[in-house]
Amino acid sequence: MRGNLENVASLTGHLDRVWHVSWNPDGKLLTSCGGDKTIRVWGTHSKSNEGQGSDWTCKAVLQDGHSRTVRRISWSPCGSLLASASFDGTTCIWSQKNAEFECITTLEGHENEVKSVCWSPSGSLLATCSRDKSVWIWEVDHEDDDYQCVGVLSVHTQDVKNVCWHPHKEVLASCSYDNTIKIFQEEDDDWCCVCTLTGHEATVWGISFDKTGTRLASCSDDNTVKIWQDCNPDGQDGGSSRKTSWKCICTLSGYHTRTIYDIDWCKHSGLLATCSGDDTIHVFQENSVGSSYKPGFSLMACVTNAHSEDINSIRWNPNGDGFLASCGDDGFVKVWKYSQC
Amino acid sequence: MFLTFLGLFQLFMMSSATNGPSSEADTDSEQTHQCGEAEPGTSRGRDDEEGENLEDVAADIYDLIKDIRDPEKPNTLEELEVVFEEGVKVHPIKGQSDRYIIRVEFKPTVPHCSLATLIGLCIRVKLDRSLPQKQKVDIFITKGTHATENEINKQINDKERIAAAMENPNLKELVEKCVADNDT
């Protein structure tokens, strides 16, 4: 393999499984959340993340925000707000300054566990999803700290596991226990589902757009990764409704032997990272950019026993320096450095 | 008591609904990686001693689950033949000693969906807590014994759903009663 993943830090502190990791927009802080109902914020003393394991410290522990598992966290693009989604049915919004956090508001409305939360690229919208089968869109007024629900989309037929915004448009993707992925857009001031992507044979756990937003990668309980292409990205059909059509152009199977829980497509390098219940992390690269409709992906790096139990989340550092964070059922948060051989 | 189970399950496990309309998705490029390693379940070149060891492991695991109490009846799952020794299968993971993929099959006594899911939940919780080392556990209903077996299997093997269900105090209490060790 032409790449290498080196473990540079193993962070302990969480008292239960860690469900999700997320870097802040400048890549200097790493946040994690989990079954112990807390959110932990980690950072290094050194200027870059090149510091050794001992340089990483836990800068903050956010507790008492949620009464049950914290499942997902998402940083606003401006970096001053953190949203957390919990099995207690609420989404907390935290304001941060110098790694000190304060809960400024709690969003309620979902009927049961909130599974994911994600800020839009502009920071003016927030999306949440839940086992109640719905996806909610919230409009954010940053001056007044006001959050208004502008859409409740109940088109999935089962538990919605995750939501993810297009990198630069107000287009949302969601994935579900119903084995599908759905794409949402605002049309005539109403949010609606514009496309349903079928093909996975089991729960779809994660989705990630590439840097152009014309491709989407998904990972599933069927142990595969699928790559989907937007076949009509600029299309306007004259009328008010914009036709959209996504097709599966590639399926990666045989790499993971158990559920693939998360996937992240690096917006800088184009590398695709996956993590799984088989305790491994895989990193893929597309063979040649430009051969659009039949791409091939090469396995660049693979770490077996990256964690001693299921790995739940994997995230590239958004500053593009090749750092990758993972977390798992073993209670660890790990930081990896990817390098090309 | 029965209604309570139903109510709880509707609320916390959400039995299935019908699937929505499907649209096509042509897969133009199928990329299948040929793993060099043996599939779990085969025992490439392992000698008889290792084979016996797997049987011992399976027997130990069966011992952990056989005394789980049925949620409704004053009997254990073994007494009701819901779990049975042959239903526990242990597959080695190549390159890792003491790490296995454990498959537990069970036969629910009644066709009711909620009770079958609850039994599956109890088996999973009992094993999560009692196994000396964390293992991969897959739990299934014996094929053909239940009309909605796919839906039940999907719920029992979705660890996020299991984790959320166990954070519900009422459901947790039910499960605790079933998995508690016998005092006698």
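Each chain gets a letter, A, B and so on, in the order its sequence line appears, and its residues count up from 1.
Contacts of A:Asp221 with chain B are absent, with no heavy-atom separation under 4.5 Å from either backbone or side chain. If you measure heavy-atom distances from A:Asn305 to chain B, the contacts under 4.5 Å come from the side chain alone. No part of B:Gln135 comes within reach of chain A, as not one of its non-hydrogen atoms sits under 4.5 angstrom from that chain. At a 4.5 Å heavy-atom cutoff, A:Asp330 makes no contact with chain B through either its backbone or its side chain.
Of the residues A:Asn179, A:Asp222, A:Asp178, the one that meets the side-chain hydrogen bond (donor to acceptor under 3.5 Å, both in side chains) test with A:His200 is A:Asp222. Screening B:Asp128, B:Ile139, B:Leu121 against B:Ile162 for a side-chain contact (heavy atoms from CB on, under 4.5 Å) leaves a single residue, B:Leu121.
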A:Thr251 and A:Val225: side-chain contact (heavy atoms from CB on, under 4.5 Å), yes or no, with the steps?
CA-CA 6 Å; A:Thr251 298; A:Val225 166; over 6 Å; no
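When each of A:Tyr177, A:Phe87, A:Phe297 is scored by its heavy-atom pairs under 4.5 Å with chain B, the top score falls to A:Tyr177.
For B:Glu176, the CD atom counts as densely surrounded, since its 6.0 Å shell holds more than 12 non-hydrogen atoms of other residues, nucleotides or ligands.
The main-chain N or O of A:Gly206 is never found under 3.5 Å from a side-chain atom of A:Asp262 such that the two would form a donor-acceptor pair.
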